[in-house]
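A short worksheet on the structure shown next.
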Amino acid sequence: MSDRIFNFGAGPGVLPESVLKEAQRDLWNIAGSGIGICEHSHRGKVFDKVINEAEQVCRDLAGIPGNYKVLFLQGGASLQFAMAPMNLLPKGGTADYLVTGVWSEKAVKEAKLFGTVHEAATGKGSKFTRIPAAADIKYSPSPAYVHFTSNNTIYGTQWRSEPAPPSGVPLLCDASSDIYSRPIDLSKYGLIYAGAQKNLGPSGVVLAVIRDDLVERAPKDLPVMLQYRTAVAERSLYNTPPTFGIYMMGLVFKWIRDTGGLAAMAERNEAKAKLLYDALDESKHFTVPAEAGSRSLMNVCFRGPGEEMENRFIAEATKRGFEGLKGHRSAGGMRASIYNAMPRAGVEALVAFIREFDKKEPR
Ligand code: PMP
């Protein structure tokens, strides 16, 4: 019998059980070295293999082209909100942002510290319940880059495919909550980054993939740690990196590979999300604020008829072993995060509970 429950938290989120078991073993003694993963030097042979394999499998999964660098950074996705404009928004330049939620707004706020921001589209008017259509996007005349958030963790919306920036303009993406949940063509991106703690591993490490030609755009008077070129030149080992986080990411990449790769992830994620959205759509009491074409496959946000019933739902769910269902404090309601590692059985159990609760509830 497992003593684990179903964790629908938005992040740090659920990790694959096989990965956790392997990590348990390697915490004690990795690769027969007699030393645990957290105790190895970041410059030693054991960790060298760990980071090389993590990068290689990361590359293989998405077929990352050779002119892209894979980086393991620190400071969370939040530091990328600042690093991206620091490095890529030249003095006097304008960067275009597609604003689809709180995280995009935070990215805008940081970018404004370094240059002019043009909001090429914003979903604020529709309470971030939908992803802008191509016709809603108005780019500035010559942006330094276009930035978007591929999945909005708080509002439960997700881009079906990348926005198309004006020709020659680099596309930047915060993919914190849906990276590697589906196939991705990285050649469309100038820079993509993601905090690990949802689909890739524990918190404390950020995956960033950057196109070669952008690396040298940064002014050289930035703090060394805040220049992408430092991480590129030192292969993410300028200072002591989050070794355990990188190790875990490597295990998660291998788990994705060994369970079918990104296409299989997408297939499973679509099926899981459909189970949940169908149950909510068929229910008498629950509603999904996100518009049909914009619904996230990662964070399923839903509401009840009132706060009293929502609180009761969350309390009963918790008693039944479903954790992390409370919506973000800024959005309210409920949110079921069903990242790659959430097993279908977890979603099926939650769906059964939703149906039972809905039936019991008086009209
Ligand atoms: N972007 C998105 C889409 C997120 O969901 C989050 C965290 N929930 C962040 C950025 C911030 O990430 P971090 O906490 O790693 O800075």
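All values below were derived from every heavy atom in this structure, side-chain atoms included, with hydrogens, water molecules and symmetry-related copies excluded. Computed from a predicted structure; not experimentally measured. Nothing fancy with the numbering, it's 1 onward along the sequence.
Judged by distance alone, with hydrogens and angles left aside, the side-chain atoms of S33 form a donor-acceptor pair with the main-chain N or O of I35 at under 3.5 Å. The main-chain N or O of A133 is found under 3.5 Å from a side-chain atom of D136 such that the two form a donor-acceptor pair. Without hydrogens or angle criteria, N29 side chain to G36 main chain gives no donor-acceptor distance under 3.5 Å. In this structure a side-chain-to-backbone donor-acceptor pair under 3.5 Å is missing from Q197 to G11. At distances below 3.5 Å, at least one donor-acceptor pair connects side-chain atoms of N52 with backbone N or O atoms of D48. Side-chain atoms of N67 never come within 3.5 Å of backbone atoms of D212 as a donor-acceptor pair (strictly under, hydrogens ignored). Judged by distance alone, with hydrogens and angles left aside, the side-chain atoms of T318 form a donor-acceptor pair with the main-chain N or O of I314 at under 3.5 Å. Distance alone, capped at 3.5 Å, places no donor-acceptor pair between the Q74 side chain and the V205 backbone. Under the 3.5 Å distance criterion, the side-chain polar atoms of N269 are left unmatched by any main-chain donor or acceptor of L297. No side-chain donor-acceptor contact under 3.5 Å links R130 to the backbone of G123.
Checked against the 6.0 Å centroid threshold, Y97 and F148 do not count as a close aromatic pair.
To the nearest 0.5 Å, atoms OG (S294) and CD1 (I131) are separated by 5.5 Å. If you take CG on L172 and CD1 on I192, they are separated by 9.5 Å, rounding to the nearest 0.5 Å.
Scanning both residues, G321 and I5, for their nearest heavy atoms gives O-CB, 3.5 Å. Here the closest non-hydrogen pair linking R217 and P170 is NH1-CG, 4.0 Å. Of all heavy-atom pairs between P241 and I246, the closest is CB-CD1, 3.8 Å. Closest non-hydrogen pair, G115 versus L89, comes out as CA-CD2, 3.7 Å. For the residue pair Y155 and C301, the shortest heavy atom distance occurs at C-SG, 3.7 Å. Pairing each heavy atom of A175 with each of S150, the nearest pair is CA-OG, 3.2 Å.
In the hydrophobic clustering of ILVMFWY residues, with side-chain heavy atoms under 4.5 Å counting as a link, Y180 and I51 come out together. Hydrophobic clustering of Ile, Leu, Val, Met, Phe, Trp and Tyr side chains at less than 4.5 Å, counting indirect connections, unites M83 with Y145.
Take K138 and apply the salt bridge (charged side-chain N to carboxylate O under 4.0 Å, His left out) test, not counting sequence neighbours, and it matches no residue.
Counted within 6.0 Å of CD on E307, heavy atoms from surrounding residues, nucleotides or ligands total 12 or fewer; the atom is thus considered open. Within a 6.0 Å radius of NZ in K21, other residues, nucleotides and ligands contribute 12 heavy atoms or fewer.
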What side-chain donor-acceptor pairs closer than 3.5 Å can you find for residues 57-66, not counting sequence neighbours?
residue, atom, partner, partner atom, Å
R59, NE, E55, OE2, 2.9
R59, NH1, P65, O, 3.4
R59, NH1, Y68, O, 3.4
R59, NH2, E55, OE2, 3.4
R59, NH2, Y68, O, 2.5
D60, OD1, Q56, NE2, 2.9

Derivation of the side-chain contact (heavy atoms from CB on, under 4.5 Å) call for L280 and T287: CA-CA 6 Å; L280 293 167; T287 51; over 6 Å; no

- request: Kindly determine whether R335 and K326 satisfy side-chain contact (heavy atoms from CB on, under 4.5 Å), including the steps that lead there.
  value: CA-CA 6 Å; R335 169 175 58 179; K326 197 168 167 50; over 6 Å; no

query: How far apart are the C-alpha atoms of T94 and V117, what are their side-chain angles, what is the distance that settles it, and do they pass the side-chain contact (heavy atoms from CB on, under 4.5 Å) test?
result: CA-CA 6 Å; T94 297; V117 169; over 6 Å; no

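Between F322 and F353, the ring planes lie tilted relative to each other; the angle falls in the 30° to 60° range.
Among N7, N299, N199, the one residue that satisfies the side chain to side chain donor-acceptor pair (under 3.5 Å) test with Y339 is N299.
The ring pair (Phe, Tyr, Trp, His ring centres under 6.0 Å) analysis of residues 268-306, with sequence neighbours excluded, yields the pairs F286-F302, F286-F313, F302-F313.
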